[in-house]
Enquirer: 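Can you keep this structure in mind? I'll have questions shortly.
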Amino acid sequence: MPHVVTRFAPSPTGFLHIGGARTALFNWLYAHRAGGKMLLRIEDTDRERSTDAAIAAILDGLKWLGLDWDGEAIHQFQRAARHREVAEQLLAAGRAYYCYATPLELDDMRAKARAEGKPPRYDGRWRDRPASDAPPGIKPVIRLKAPQTGETVLDDLVQGRVAWANENLDDFVLLRSDGTPTYMLAVVVDDHDMGVTHIIRGDDHLTNAARQMHIYQALGWDVPRMAHIPLIHGSDGAKLSKRHGALGVDAYRAMGYLPAALRNYLVRLGWSHGDQEFFSTEEMIAAFDLAQVGRSPARFDFAKLENMNGHYIRSAADETLTDLLIDTLPHLPENSAFPQKIDAAMRQKLLAAMPGLKERAKTLIELRDGAQFLFAQRPLPLDAAASGILDASARQHLAELLPRLTTLAAWSSAATEEAVRKYAEEKHLKLGQVAQPLRAALTGRATSPGIFDVFGVLGRDESLGRLADQIR
RNA sequence: GCGCCCAUCGUCUAGCGGUCUAGGACGUUGCCCUUUCACGGCAAAAACAGGGGUUCGAGUCCCCUUGGGCGCGCCA
């Protein structure tokens, strides 16, 4: 396979949103598949809107998702001198020119073009004027002398052949009047200098691709292969907004999703491999291919993500999951009924309960809530359903069961089960009629892991104590 | 307005001219399992946007319409 270098190039004007995360994932997968590299470039040339906090959030999000990059992150702003140099090189070669048009003139130009049913574009008024025409006191921008006829054709790895008539494109700005580069120039120069071979990005950049190709051509540089992947939409089909998923990846962590689950969900958005739904990281890398990326936008569906997350939780090893939950605790929304600090003894308890807990949780939040009874203090608070279960006859059953359980020779799930089943049989009760009161007394809830597992995990003293609390 | 992109069940998608009475997954509904809740199992409802072509044959190719999206800055 040929040498492959991809890059993820977020602009640090906000968190790493879900669309960006998927773009990063596709770049990462493509690079790994080819045994190549994925580079990271922070596009911080917009000094007004770029923040260090956003950079930190993006790096943190990538790390959490397990998407590592090769080498140091490049900060685009630090390369401004190089960008300027290239603009001047273009100027010297006659492939770019100074433009002295004022913002007011440009506004008029666009308004007029629109009125005539043409795309609003720069009319090239300074394209062929001699330097001697330069008005005094105005700092010029540098514009690219773009081709005015013919067409620009992109062979996109996802979109296929896309063509633009050059007359619909214009002489855009390369270098601003203050000497700083525009995004269009910076991207091309950086991708070239970084040796990027494959540009995989959102299809909101598709039109930019034509303009960037003009820069490559003017410079005589090879154009990297490009792949414009469709955007992710909200559940209503419109642009992703905060209400349906345009959250930072940290928000997904806070909702209790596993990185592996989010990765799996994201990779299946717009990409498929036959009917396969679940992919380990290795499988994903081996199977991923841009040719299978669809061209239509996908809607974000929390229900499916949640289902996948449940799958990942259920199939995770107990040790792994226990530690993941503990490590994630600080990121989850506060729950005063659950300890923020888990010591070694508590961890053991959690681990022991994990087989029963993980079957019942779709998110780490649900996992935590399900585990709450483990650490509850006696006497247990009962929720509405639990106190509904514990009526007089239920408490009577508990009272009769308590001595039988107290005298058990050895305490275990199996031993308690035998005792309880025997009691139910003697009294001609269905197991549920005694299991539910036990559950309510032991966990304070109407739902929990299997009740005999609860006995086992809680241990003799705590179990008997909780039962006794409800008898009085 | 102009340019570009897109269009299969509610959602993610399989399908790359005949094997499609359109397959899988999520969600939904029903049944089973069952100490609760889950899990699991079984079953059901559910789609080729519309219209023209091309072809012996079209979900698959072409055109138009409609509907979405993206772009059109001295933002990125």
Side-chain angles (χ1 to χ4, degrees), chain A residues 9-13 43-46 48-50 76 99 101 103 106-107 110 113-122 139-143 156 159-160 162-165 168-170 172-178 180-184 186-187 202-211 228 230-231 233 235 237-239 265 268-278 294-308 310 314 356-362 366 370 385 389 417 420-421 424 430-440 443 445-452:
Chain A
S11 60
T13 53
E43 309 217 315
D44 55 352
T45 54
D46 184 345
E48 294 289 304
R49 298 194 299 153
S50 298
Q76 193 162 58
C99 165
L106 295 173
D107 283 347
R110 279 189 274 268
R114 221 185 183 97
E116 288 171 3
K118 291 182 191 162
R121 58 186 170 85
Y122 177 71
K139 284 201 173 148
V141 298
I142 295 179
R143 286 181 184 273
D156 193 277
Q159 303 290 336
V162 185
W164 296 264
N168 289 320
L169 273 9
D170 65 354
F172 56 91
V173 175
L174 298 173
L175 205 70
R176 302 187 187 105
S177 52
D178 65 0
T180 61
T182 60
Y183 160 80
M184 216 61 84
V187 166
D203 73 5
D204 49 336
H205 286 288
L206 188 55
T207 318
N208 291 335
R211 295 192 161 84
H228 289 90
L231 268 15
H233 288 176
S235 49
K239 193 171 178 156
Y265 176 70
R268 285 284 290 107
L269 230 42
W271 174 79
S272 61
H273 186 66
D275 284 339
Q276 188 172 351
E277 295 286 344
F278 290 97
R295 285 188 282 180
S296 54
R299 301 186 187 201
F300 194 90
D301 180 14
F302 272 108
K304 186 149 184 175
L305 170 59
E306 191 152 305
N307 171 275
M308 279 201 152
R314 287 193 298 280
L357 293 173
K358 70 182 183 185
E359 283 295 317
R360 296 168 169 76
K362 289 193 167 60
E366 289 180 11
I389 289 169
E417 174 158 9
V420 172
R421 283 196 187 273
K430 289 206 287 190
L431 190 55
Q433 289 175 276
V434 3
Q436 280 304 86
L438 287 170
R439 188 187 317 282
T443 70
R445 299 187 175 189
T447 70
S448 80
I451 195 62
F452 305 116

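Predicted model only: the values in this text are computed from it and were never measured. FYI, side chains are in, hydrogens and waters are out, and symmetry mates aren't considered; it's all heavy atoms of this structure.
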Enquirer: Taking only the P atom of each, what is the distance from B:rU8 to B:rA44 in whole angstrom?
Expert: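 Roughly 25 Å separates the two P atoms.
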
Enquirer: What's the closest nucleotide to the A:Pro120 side chain, out of B:rC72, B:rG69, B:rA76?
Expert: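 Output: B:rC72.
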
Enquirer: In whole angstrom, give me the gap between the P atoms of B:rG71 and B:rG27.
Expert: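 B:rG71 and B:rG27 have their P atoms separated by 33 Å.
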
Enquirer: Taking for each residue the nucleotide of RNA chain B with the nearest heavy atom, is it A:Thr447 or A:Ser272 whose nucleotide lies nearer the 5' end?
Expert: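 Counting from the 5' end, the first nearest nucleotide belongs to A:Ser272.
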
Enquirer: Only pairs with both distances under 3.5 Å count, Watson-Crick or wobble alike; so what is the partner of B:rG27 in this structure?
Expert: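 None - no nucleotide pairs with B:rG27, as no candidate has both distances under 3.5 Å.
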
Enquirer: Between B:rU21 and B:rC2, how far apart are the C1' atoms? Round to whole Å, please.
Expert: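 My reading of the C1' atoms in B:rC2 and B:rU21 gives 46 Å.
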
Enquirer: Determine the Euclidean distance between corresponding P atoms of B:rC72 and B:rG18; express it in Å to zero decimal places.
Expert: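 Those two atoms are separated by 41 Å.
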
Enquirer: Using atom P in both nucleotides, what's the gap between B:rU35 and B:rG24 to the nearest angstrom?
Expert: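 Here B:rU35 and B:rG24 have their P atoms 32 Å from each other.
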
Enquirer: Indicate, yes or no, whether a donor-acceptor pair under 3.5 Å links the base of B:rC37 to the side chain of A:Arg360.
Expert: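 Check passes, donor-acceptor contact within cut-off.
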
Enquirer: Below the 4.0 Å mark, does B:rC72 have OP1 or OP2 next to a side-chain nitrogen or oxygen of A:Arg211?
Expert: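 For B:rC72, neither OP1 nor OP2 has a side-chain N or O of A:Arg211 closer than 4.0 Å.
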
Enquirer: For the P atoms, the ones on B:rU66 and on B:rU29, what distance do you get once it is rounded to whole angstrom?
Expert: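 Roughly 39 Å separates the two P atoms.
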
Enquirer: Can you tabulate the close N/O pairs, meaning under 3.5 Å, that link protein atoms to atoms of nucleotides 58-64 of chain B?
Expert:
none

Enquirer: Please check if the distance between the ring centroids of A:Phe172 and A:Tyr183 is under 6.0 Å.
Expert: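 No, ring centres 6.0 Å or more apart.
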
Enquirer: May I ask you to decide whether A:Arg360 forms a salt bridge with A:Glu366, counting only side-chain N to carboxylate O separations under 4.0 Å?
Expert: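 Salt bridge: no.
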
Enquirer: Does the distance from a Lys or Arg side-chain N to an Asp or Glu carboxylate O, for A:Arg211 and A:Asp170, drop under 4.0 Å?
Expert: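 Judged by the 4.0 Å cut-off on N to carboxylate O distance, A:Arg211 and A:Asp170 do form a salt bridge.
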
Enquirer: Give A:Pro449 one of three labels, base, sugar-phosphate or nothing, depending on what nucleic acid heavy atoms sit under 4.0 Å from its own.
Expert: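 Base contact.
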
Enquirer: Using a heavy-atom cut-off of 4.0 Å across all strands, would you classify A:Ala101 as base, sugar-phosphate, or nothing?
Expert: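 A:Ala101: base contact, heavy atoms under 4.0 Å.
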
Enquirer: Measuring to OP1 and OP2 of B:rA38, would you say a side-chain N or O of A:Lys358 lies under 4.0 angstrom away?
Expert: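 The answer is no; no side-chain N or O of A:Lys358 sits under 4.0 Å from OP1 or OP2.
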
Enquirer: What does A:Arg49 touch in the nucleic acid at a heavy-atom separation under 4.0 angstrom: a base, only the sugar-phosphate, or nothing?
Expert: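 Base contact.
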
Enquirer: Watson-Crick or G-U wobble partner for B:rA22, using a 3.5 Å limit on both distances?
Expert: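 With both distances under 3.5 Å required, B:rA22 matches none.
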
Enquirer: Take atom C1' in B:rG10 and the same atom in B:rA47, then report the distance between them in whole Å.
Expert: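 Those two atoms are separated by 10 Å.
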
Enquirer: Which nucleotide in the set B:rC74, B:rA76, B:rC39 lies at the smallest distance from any side-chain heavy atom of A:Val141?
Expert: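 The answer is B:rC74.
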
Enquirer: Sugar-phosphate means primed atoms, P, OP1 and OP2; the rest is base. With that split, encode nucleotides 18-26 of chain B 5' to 3' as B, S or - using protein heavy atoms under 4.0 Å.
Expert: -----BBBS

Enquirer: Classify the side chain of A:Arg439 and the base of B:rU35 as holding, or not holding, a donor-acceptor pair under 3.5 Å.
Expert: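 It does, because a donor-acceptor pair links the side chain of A:Arg439 to the base of B:rU35 below 3.5 Å.
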
Enquirer: With rounding to whole Å, what would you report as the distance between B:rG59 and B:rG51 at their P atoms?
Expert: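 The answer is 12 Å between these two P atoms.
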
Enquirer: In B/S/- notation, 5' to 3', how is nucleotides 3-8 of chain B contacted by protein heavy atoms closer than 4.0 Å?
Expert: BSSSS-

Enquirer: What are the two closest heavy atoms between A:Arg143 and A:Leu106, and how far apart are they?
Expert: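 For A:Arg143 versus A:Leu106, the nearest heavy atoms are NH2-CD2, 3.6 Å.
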
Enquirer: Nearest-nucleotide wise, let me know which of A:Arg421 and A:Glu43 is further upstream toward the 5' end of RNA chain B.
Expert: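 The residue mapped nearer the 5' terminus is A:Arg421.
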
Enquirer: From A:Glu306 CD over to A:Lys362 NZ, what is the distance, rounded to the nearest 0.5 angstrom?
Expert: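 Result: 6.5 Å between the selected atoms.
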
Enquirer: Base of B:rA76, side chain of A:Asp44 - is there a donor-acceptor contact under 3.5 Å?
Expert: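 Answer no: no donor N or O sits under 3.5 Å from an acceptor.
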
Enquirer: Tell me what A:Tyr265 touches on the nucleic acid: a base, only sugar-phosphate, or nothing, going by heavy atoms under 4.0 Å.
Expert: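 Contact class for A:Tyr265: none.
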
Enquirer: Does the structure show a Watson-Crick or G-U wobble partner for B:rA38, both distances under 3.5 Å? Name it, or say none.
Expert: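 Checking every strand shown, B:rA38 finds no partner, since no pair has both distances under 3.5 Å.
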
